[in-house]
Amino acid sequence: MALLTPEDLENINRQLQEADSTVRRVTGLDIKGVCKDFYGMTPCCEKVGIVPVTSGNGIIGNFSGSLHVITEYFGFDSFVTAMPDVSGYYEAVRNGARIILMADDNTFLAHNLKNGKIANNQPCTGRIYAEIASRYLKADSKDVLVVGLGKVGFPGAAHLVNKGFRVYGYDSDKALLEKTVSDLGITLFEPENPRKFSIIFEATPCADTVPEFVISENCVISTPGIPCAISRELQEKYGVELVMEPLGIGTASMLYSVL
Ligand code: NAD
Ligand code: 2YH
């Protein structure tokens with residue numbers, strides 16, 4: 001399980017603003033607009049309590065602070081509890097939180113205490129990055145390459161299938177790839193038969209996972225994966241629209257999904 005680092009989260013506000021401009025160029029809507037359209041909901045006055053969690057590898061510097069910045073960026077009233085863990089949860093509820101955000105090393109959840117809805121970061125992140133990719137205004141076809149079919153990539157790929165896209169899947173784990181191809185009814189992408197795509201969705205914990213031979217001029221690569229799926233050099237060479245941000249887009253998706 002890849003953990004975020006404080007360095008990933010530096011200048012989260014700037015990272016979010018940059019991602020928002022890219023999402024606007026790619027889809028014609030900002031992140032809020034995509035979430036509102038996708039989930040059919042708008043935040044009203046939900047107060048969000050962010051609870052730091054010390055278990056496992058412990059508190060990640062900048063994590064709760066970044067969630068505070070992110071929730072406010074998307075128009076939610078939020079606060080970080082002074083206490084962590086169970087005491088923090090108690091504090092959040094006592095201070096009027098209606099949505100709780102908290103993460104340990106394995107699970108990052110949003111729980112709406114009013115309506116009982118609960119969301120997990122990985123599928124919410126997969127779906128929103130896939131949704132952004134699917135809305136690419138300059139796409140030349142409904143063919144999408146998905147690289148990485150794990151906890152984030154699988155739900156993203158499933159979402160694209162449900163939206164009627166022709167999904168080509170690739171994962172370095174051959175057994176998982178074959179099972180996913182069969183479960184989702186997608187096409188196995190074989191690097192031996194290279195072709196180019198104008199829409200690519202990537203969700204792996206590795207760098208440089210999108211090879212040059214699949215990148216078409218001005219394609220979109222929508223990728224929650226950390227580190228980045230392509231080099232700066234390839235991004236510039238092909239004028240790639242890169243949608244990539246370490247925490248905010250996925251968190252927005254979680255929050256909208258529990259409204
Ligand atoms: P996971 O381990 O469940 O899945 C990753 C998949 O990528 C695996 O199936 C693995 O076999 C595959 N893979 C690894 N190297 C590959 C390569 N070179 N080519 C093709 N496939 C490869 O992980 P996950 O939970 O799905 O997370 C994926 C990434 O997304 C991680 O980097 C995680 O930190 C990141 N993430 C980001 C956000 C965000 O908001 N930006 C949110 C959640 C997760
Ligand atoms: O980064 C993580 C894990 N990768 C789970 C998220 C799933 N994408 N967890 C964050 C841990 C935060 C820590 N416990 C804190 O500061 O509260």
Side-chain angles (χ1 to χ4, degrees), residues 1-9 12 15-16 19 23 31 49-68 70 80-81 83-89 92 100-110 119-130 132 145-158 168-181 183 188-191 200-211 214 221-230 242-255:
M1 164 68 57
L3 280 176
L4 284 166
T5 66
E7 293 70 39
D8 293 329
L9 300 171
I12 195 69
Q15 295 197 56
L16 256 182
V23 171
I31 300 165
I50 299 156
V51 183
V53 173
T54 63
S55 69
N57 285 289
I59 287 176
I60 296 175
N62 289 344
F63 186 76
S64 294
S66 295
L67 290 181
H68 184 51
I70 290 162
V80 179
T81 58
M83 297 298 289
D85 308 325
V86 176
S87 304
Y89 187 94
I100 302 289
L101 281 181
M102 60 201 291
D104 66 11
D105 293 350
N106 298 306
T107 305
F108 171 23
L109 65 80
N120 181 310
N121 175 255
Q122 287 146 337
C124 287
T125 299
R127 284 186 209 110
I128 200 70
Y129 275 84
I132 290 166
L145 174 64
V146 178
V147 180
L149 293 160
K151 293 180 284 298
V152 174
F154 183 94
Y168 292 74
Y170 180 73
D171 196 291
S172 53
D173 178 335
K174 295 281 169 287
L176 178 115
L177 176 60
E178 275 164 27
K179 182 174 182 332
T180 306
V181 160
D183 287 353
L188 194 155
F189 178 71
E190 288 164 314
I200 298 170
F201 164 55
E202 193 267 4
T204 83
C206 299
D208 303 321
T209 51
V210 174
V214 301
I221 301 184
S222 187
T223 173
I226 303 168
C228 188
I230 59 159
L242 186 66
V243 179
M244 187 190 94
E245 186 280 333
L247 189 63
I249 299 178
T251 304
S253 178
M254 294 164 73
L255 289 168

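Predicted model, so just to flag it, every value in this text is computed and none were measured. In listed order, ligands and their atoms are each counted from 1.
In this structure, of Ser55, Pro52, Gly58, Pro224, the residue bringing a heavy atom nearest to atom 13 (C) of ligand 2 is Gly58.
Residue Thr54 has no nitrogen or oxygen atom sitting less than 3.5 Å from a nitrogen or oxygen atom of ligand 2, judged on distance alone. Note: an N/O pair closer than 3.5 Å links Asp104 and ligand 2 by distance alone. For a threshold of 3.5 Å applied to N or O pairs, the pair formed by Ile60 and ligand 2 contains at least one separation below that value. In terms of polar-atom proximity, Ala103 is counted as a contact of ligand 2, with an N or O under 3.5 Å from an N or O of the ligand. The distance criterion of under 3.5 Å between nitrogen or oxygen atoms is met by Val53 with respect to ligand 2. For ligand 1, one of its N or O atoms has an N or O atom of Pro224 under 3.5 Å away.
Residue-ligand proximity, Thr209 to ligand 1, at heavy-atom distances under 4.0 Å covers atoms 17 (C), 18 (N). Close contacts of ligand 1 with Val152, meaning ligand atoms under 4.0 Å from a residue heavy atom, involve 24 (P), 25 (O), 26 (O), 27 (O), 43 (C), 44 (C). Ligand 1 places these atoms under 4.0 Å from at least one heavy atom of Tyr170: 19 (N), 20 (C). Those atoms of ligand 1 that come under 4.0 Å of a heavy atom in Leu176, given as number and element, are 9 (O). Applying the 4.0 Å criterion to heavy atoms of Asn121 picks out, from ligand 1, the atoms 42 (C), 43 (C). Residue Val147 approaches ligand 1 through these ligand atoms, each under 4.0 Å from one of its heavy atoms: 20 (C). Short contacts between ligand 1 and Leu247, defined as distances under 4.0 Å to a heavy atom of the residue, involve ligand atoms 40 (O). Applying the 4.0 Å criterion to heavy atoms of Pro246 picks out, from ligand 1, the atoms 39 (C), 40 (O), 41 (N).
In this structure the side chain of Met102 never reaches within 4.5 angstrom of the side chain of Ile50, judged on heavy atoms. At a threshold of 4.5 Å between non-hydrogen side-chain atoms, the residues Ile249 and Val243 count as touching.
With Val146 as the fixed residue, the side-chain contact (heavy atoms from CB on, under 4.5 Å) test singles out one of Phe201, Tyr170, Tyr168: Phe201.
Using a 4.0 Å heavy-atom cutoff, Glu245 is listed among the residues neighbouring ligand 1. Residue contacts with ligand 2 do not include Gly61, since none of its heavy atoms lies under 4.0 Å from the ligand.
Under the side-chain contact (heavy atoms from CB on, under 4.5 Å) criterion, Ala229 pairs with Glu202, Thr209, Val210, Thr223, not counting sequence neighbours.
When heavy-atom distances to ligand 1 are checked against a 4.0 Å cut-off, Gln122 comes that close only through its side chain, counted from C-beta outward. Counting heavy atoms closer than 4.0 Å to ligand 1, residue Asp171 contributes atoms from both its backbone and its side chain.
Note that CG of Asp171 and CD of Glu178 are 11.0 Å apart. Values are rounded to the nearest 0.5 Å.
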